[in-house]
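Within every chain, numbering begins at 1; the chains are lettered A, B, ... in the order of the sequence lines, protein sequences first and strands thereafter.
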Protein chains: 2
Amino acid sequence: MKLRILVADDEPELVELVEFNLKQAGYSIATAVDGAEALKKARSQPPDLILLDIMMPEMDGLEVCKILRREPATAKVPIIMLTAKASEIDRVLGLELGADDYLTKPFSVRELLLRIKKILARSQTEETAKDQLRCGDLLVDLPRHLVSWKNKPIEMTATEFKLLSILMERAGRVQSRDQLLRDVWAYDSLIDTRTVDTHMRRLREKLGPAAKHLDTIRGTGYRFTE
Amino acid sequence: MKLRILVADDEPELVELVEFNLKQAGYSIATAVDGAEALKKARSQPPDLILLDIMMPEMDGLEVCKILRREPATAKVPIIMLTAKASEIDRVLGLELGADDYLTKPFSVRELLLRIKKILARSQTEETAKDQLRCGDLLVDLPRHLVSWKNKPIEMTATEFKLLSILMERAGRVQSRDQLLRDVWAYDSLIDTRTVDTHMRRLREKLGPAAKHLDTIRGTGYRFTE
DNA sequence: ACGCGGTTGTCACGCATTTGTCACAGTAAT
DNA sequence: ATTACTGTGACAAATGCGTGACAACCGCGT
């Protein structure tokens with residue numbers, strides 16, 4: 001299966017050049033001409049890698065990068081930043097943004113391909129770790145939407161699945177009911193916080209013995225522990 | 001049909017030896033005495049595999065390799081590099097060149113044949129596996145636009161065929177309705193997401209017993225499972 | 001151009017499951 | 001013991017999906 005790359009830059013000539021060469025190299029390409037579009041496309045169908053120009057209309061690359069990193073669906077997609085000014089590099093690679101690599105314009109196509117290959121090779125090997133959450137005998141496969149305990153599958157509803165995923169992703173850290181409502185129910189604060197309790201109960205019932213990982217932190221929230 | 005191999009080396013004795021043995025082994029052989037000739041012959045009629053000496057007059061093997069990789073017609077032809085110096089191996093196998101294998105001179109004919117066989121076998125199976133999707137008794141032939149179950153053909157409309165192909169390509173992973181709309185209907189977001197349901201139904205009707213592979217993941221999407 | 005058969009998108013209905021809420025029981029902390 | 005918080009059972013509302021019917025659409029041969 002082809003690896004998908006999103007190219008976001010406001011210079012059509014550069015996009016076209018890059019697109020042509022990457023397609024040549026066997027990748028599947030999507031493009032965006034500004035930050036907003038890049039964000040939208042990355043969200044709707046997270047690619048395997050993103051080439052992100054810093055200077056763009058609507059929303060600049062730094063902002064897009066930050067947002068993508070913040071959202072679980074795109075948090076782990078590698079990002080290569082493109083910049084004209086060498087002075088911006090520090091900020092790009094800083095922890096606050098978490099871009100994986102950078103290229104200063106103008107860059108050679110050959111170099112671009114090398115970097116892409118390197119980064120994709122890395123994330124490919126990490127792939128299994130990327131979309132599978134494991135803890136002892138408990139396994140959550142996100143793309144397959146499967147939960148299993150000692151290799152025996154456990155049926156889950158959509159919300160239960162999401163709830164468990166979020167808790168496991170943030171394993172060890174306590175999640176308040178409000179936080180869970182925001183992350184699992186997506187911005188619908190109009191729901192009673194006690195509803196979380198009910199779903200935790202159902203989750204515990206279904207998990208059976210594996211429910212031992214679900215801790216209640218009285219007065220604070222819930223936590224997944226190893 | 002015989003598989004064609006291009007042998008490029010500037011040592012006539014070695015070329016003759018290799019040519020003799022490969023013909024013996026049932027391959028069809030073309031030869032070149034320098035890089036320029038190798039490039040020309042590879043371009044005019046891409047062989048199934050190329051043996052490429054690194055040290056050659058006119059143009060060295062590394063350069064030829066790079067150029068061949070860059071051009072779509074020859075980008076996927078496997079290349080085995082021949083080198084006298086072990087120190088050159090790193091560069092050869094590095095990502096920048098993308099050679100498939102290498103041999104250090106002097107090499108035994110037996111070893112050469114083994115490597116050729118291995119690489120050709122790999123590219124052969126990749127080829128056939130590429131345009132056919134199989135799962136148990138269910139077979140989808142992409143270029144022939146044919147679906148069959150236990151060797152009995154099943155009639156499919158264009159959209160049904162695409163839908164099934166996409167699902168099988170991403171077998172195991174859940175596809176949301178939005179995702180399917182994008183991939184099957186090619187970016188027509190103006191279509192109702194529930195339309196996917198109808199097509200899944202029609203697909204299931206036509207597949208009959210084979211429809212057991214099509215899972216509905218409530219609140220998430222659909223999935224093809226083995 | 002025309003009409004035809006098959007294909008495709010939409011809608012409304014009904015069912016089963018999921019989901020949110022509430023009251024009450026249970027439990028830990030002060 | 002009291003208080004504050006969480007677990008539990010039951011229930012009604014909401015949601016999501018399969019289904020059948022239908023109209024718009026398209027390709028295609030005449």
- Item | Touch class at under 4.0 angstrom, heavy-atom based, for B:Ile217 against every strand present | sugar-phosphate

- Message: Just to verify, what does B:Val140 make a side-chain contact (heavy atoms from CB on, under 4.5 Å) with, not counting sequence neighbours?
- Response: B:Leu133, B:Leu142, B:Val147, B:Phe161, B:Leu164, B:Ser165, B:Met168

- Item | Gap between atoms CG and P, on A:Asp215 and D:dG7 respectively (whole Å) | 11 Å

- Task: Calculate the interatomic distance between A:Arg177 atom CZ and D:dC5 atom C1'; express it in whole Å.
- Result: 8 Å

- side chain to side chain contact (heavy atoms under 4.5 Å, CB included) partner of A:Arg177, the single match among A:Asp192, A:Thr193, A:Ile191: A:Thr193

- Has A:Tyr222 got a side-chain N or O lying under 4.0 Å from the OP1 or OP2 atom of D:dG7? yes

- Decide if atom CD of A:Glu16 counts as having more than 12 heavy atoms of other residues, nucleotides or ligands within a radius under 6.0 Å. no

- Query: In whole angstrom, what separates B:Arg223's CZ from D:dC17's P?
  - Reply: 14 Å

- Query: For A:Thr220 and B:Thr220, take the nucleotide of DNA chain D holding the closest heavy atom to each; which residue's nucleotide lies nearer the 5' end?
  - Reply: A:Thr220

- How far apart are the C-alpha atoms of B:Thr225 and B:Arg173, what are their side-chain angles, what is the distance that settles it, and do they pass the side chain to side chain donor-acceptor pair (under 3.5 Å) test? CA-CA 8 Å; B:Thr225 47; B:Arg173 279 160 294 174; over 6 Å; no

- Expressed in angstrom and rounded to an integer, what is the separation of B:Glu205 atom CD from D:dA21 atom P? 12 Å

- Message: Strictly under 4.0 angstrom, non-hydrogen atoms only: write out the protein contact profile of nucleotides 18-29 of chain C, one letter per nucleotide from the 5' end, B, S or -.
- Response: SBBB------B-

- Quick one: is D:dG18 close enough that its OP1 or OP2 comes under 4.0 Å of any side-chain N or O from B:Arg204? yes

- May I ask you to evaluate whether B:Thr216 reaches the phosphate of D:dG16, defined as a side-chain N or O under 4.0 Å from OP1 or OP2? no

- Message: Below 30° counts as parallel, above 60° as perpendicular, anything between as tilted: where do the rings of A:His199 and A:Trp185 land?
- Response: perpendicular

- Can B:Gln175 and B:Arg223 be counted as having a side-chain donor-acceptor contact under 3.5 angstrom? no

- Between CG of A:Leu214 and P of D:dT8 the distance, given in whole Å, is 12 Å

